[in-house]
Amino acid sequence: MEEKKISEKYNLKDKVDENFYLQSTEQVAVQLLNKILVKCEKDGTILAGKIVETEAYLGKDDAASHSFGGETERNRPMFEKGGILYVYRSYGIHHCINIVTEEKSIGAAVLIRAVEPLAGLVLMKRRRGTDNIHKLCNGPGNTAKAFGFTKDDNFQSLLSENLFITNNRILPKSKIIKTQRVGISRSRDQMLRFYIKNSKFISRK
DNA sequence: ACTCCGATGGTCT
DNA sequence: GACCATCGGAGTG
């Protein structure tokens with residue numbers, strides 16, 4: 001019944017198409033805000049949440065990007081055509097998910113940093129070990145854990161039945177906050193982090 | 001409020 | 001061997 005409420009409020013059939021992911025990475029990062037990430041588990045459980053915080057990582061000239069310097073074994077998904085997942089392990093402990101953008105061989109992606117949970121909260125709470133809804137997906141590592149993303153989901157298409165993003169109401173420009181990216185040491189000056197103003201679900205102020 | 005730090009493993013030099 | 005696109009808990013004020 002949780003899923004029913006969601007489908008009344010949001011049109012989960014209005015999936016984002018491939019062209020969306022082929023836009024400039026900064027555009028995708030901004031436009032992902034307010035959209036709904038949907039993942040269907042093998043047992044039928046639907047997980048969904050509104051994307052409230054993103055970061056753009058540009059191509060091989062962006063010193064903060066994993067793609068910096070060119071293609072390697074790890075960053076190979078980033079050099080694929082936009083519309084797939086790039087999942088990496090962070091600090092040996094967490095997983096983080098990125099949405100690959102632009103054309104093949106560009107090497108760019110958008111990091112999903114925080115999500116406002118909408119459906120599948122029982123499973124998310126169990127995976128995260130907390131009932132605090134504001135802490136289920138408040139950061140890239142926590143988001144991946146709540147949604148159950150692992151290295152197995154690397155290269156996974158976002159144009160599939162089990163994993164996709166849907167359109168939602170357009171976010172007014174006045175609600176988009178643009179800041180420096182967090183947790184990086186190089187290219188700190190670039191303003192490539194975006195989040196929804198006043199959201200209680202972002203990773204940090 | 002803040003800072004510090006340990007956990008833990010893959011990737012790259 | 002160094003470096004992380006993190007997180008949560010401990011300590012301090």
Side-chain angles (χ1 to χ4, degrees), chain A residues 21 24-33 37 49 51-80 82-102 106-117 123-156 158 165 176-196 199-205:
Chain A
Y21 301 107
S24 83
T25 304
E26 186 172 345
Q27 282 282 310
V28 176
V30 171
Q31 292 179 32
L32 277 173
L33 294 178
L37 173 65
I51 297 168
V52 297
E53 180 182 345
T54 62
E55 274 177 3
Y57 286 89
L58 312 182
K60 42 183 177 274
D61 298 323
D62 176 2
S65 175
H66 286 177
S67 62
F68 183 60
E71 193 172 335
T72 65
E73 181 67 26
R74 176 175 71 156
N75 65 26
R76 188 143 38 91
M78 294 183 75
F79 288 87
E80 292 296 317
I84 65 168
L85 278 189
Y86 162 48
V87 186
Y88 70 93
R89 191 178 267 283
S90 175
Y91 293 89
I93 301 169
H94 312 285
H95 290 282
C96 297
I97 57 162
N98 291 255
I99 288 164
V100 175
T101 58
E102 306 196 39
I106 298 296
V110 175
L111 174 67
I112 303 300
R113 286 196 57 89
V115 166
E116 175 179 337
L123 180 54
M124 290 186 188
K125 286 172 179 172
R126 187 160 72 231
R127 282 173 169 164
R128 288 280 298 112
T130 177
D131 284 344
N132 185 337
I133 59 167
H134 296 113
K135 294 186 175 176
L136 294 179
C137 306
N138 62 332
N142 291 339
T143 299
K145 191 166 187 188
F147 275 81
F149 285 114
T150 68
K151 226 29 189 323
D152 292 345
D153 300 296
N154 208 13
F155 290 100
Q156 166 77 237
L158 283 149
I165 288 171
I176 300 171
I177 307 291
K178 177 177 180 172
T179 72
Q180 299 169 125
R181 293 174 291 188
V182 302
I184 55 169
S185 54
R186 297 182 293 190
S187 288
R188 285 234 191 86
D189 48 318
Q190 297 230 62
M191 304 285 276
L192 291 172
R193 172 177 176 243
F194 308 93
Y195 64 88
I196 299 179
S199 171
K200 298 188 180 83
F201 297 88
I202 63 171
S203 62
R204 50 168 129 167
K205 289 260 174 167

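Reminder, nothing fancy here: chain letters follow the sequence lines and each chain counts from 1.
Across all strands, A/I184 comes closer than 4.0 Å only to sugar-phosphate atoms, never to a base (heavy-atom distances). Using a 4.0 Å heavy-atom cutoff across all strands shown, A/N142 reaches sugar-phosphate atoms only and no base atom. Backbone-only engagement by A/R74 is indicated by non-hydrogen atom pairs under 4.0 Å involving sugar-phosphate atoms exclusively. In this structure, A/K151 reaches the sugar-phosphate backbone alone: every heavy-atom distance under 4.0 Å involves primed, P, OP1 or OP2 atoms, never a base. Among the protein residues, A/G141 comes within range of the sugar-phosphate backbone only, with heavy atoms under 4.0 Å from sugar or phosphate atoms but none that close to a base. Using a 4.0 Å heavy-atom distance criterion, A/S203 is classed as making no nucleic acid contact.
Residue A/K135 contributes atom NZ, which lies 18 Å from atom P of C/dT6 at whole-angstrom precision. As a whole-Å value, the separation of A/I93 CD1 from C/dA5 P is 14 Å. What separates CG of A/N75 from C1' of B/dT13 is a distance of 15 Å, to the nearest Å. One atom, CZ of A/R181, and another, P of C/dC4, lie 13 Å apart when rounded to the nearest Å. A straight line from CZ of A/R186 to P of C/dC3 spans 11 Å, rounded to a whole angstrom. Atoms NE2 (A/H95) and C1' (B/dT8) sit 12 Å apart, rounded to a whole Å. The separation between A/Y88 atom OH and B/dG10 atom C1' is 13 Å, rounded to whole Å. When rounded to the nearest whole Å, the span between CE of A/M78 and C1' of B/dT11 equals 15 Å.
With P as the reference atom, B/dT13 and C/dA5 are 13 Å apart, rounded to whole Å. Separating the C1' atom of C/dG8 from that of B/dG10 is a span of 22 Å, rounded to the nearest Å. Distance noted for atom P between B/dT8 and C/dA10: 16 Å (whole Å).
Residue A/L111 has its side chain nearest to C/dA5 when only B/dA7, C/dA5, C/dT6 are considered. Among the nucleotides C/dA5, C/dC7, C/dG8, the one closest to the side chain of A/H66 is C/dA5. Closest to the side chain of A/Y91, from the set B/dT8, B/dC12, B/dG10, is B/dT8.
For A/F149 and A/H95, the ring centers sit 6.0 Å or farther from each other. Ring to ring, A/H66 and A/Y88 are close: their centroids are under 6.0 angstrom apart.
A donor-acceptor contact shorter than 3.5 Å is absent between the side chain of A/S203 and the backbone of A/G139. Side-chain N or O atoms of A/E55 include one that pairs as donor or acceptor with a backbone N or O of A/V182 at under 3.5 Å.
In a base pair of the Watson-Crick type (N1 to N3 plus N6-O4 or O6-N4) or a G-U wobble (N1-O2 and O6-N3), with each distance short of 3.5 Å, C/dG11 is matched with B/dC2.
The phosphate of C/dC7 (OP1 or OP2) has no side-chain N or O of A/S90 nearer than 4.0 angstrom. The phosphate of C/dA5 has neither OP1 nor OP2 within less than 4.0 Å of any side-chain N or O from A/S65. Proximity of A/R113 to the phosphate of C/dT6: a side-chain N or O atom is located under 4.0 Å from OP1 or OP2.
Residues A/R76 and A/E71 are in side-chain contact: their nearest non-hydrogen atoms beyond the backbone lie under 4.5 Å apart.
The residues A/D62 and A/R181 are annotated as salt-bridged, a charged nitrogen and a carboxylate oxygen being separated by less than 4.0 angstrom.
Of the residues near DNA chain C, A/R128 and A/A64, the one whose nearest nucleotide (by heavy atom distance) lies more toward the 5' end is A/A64.
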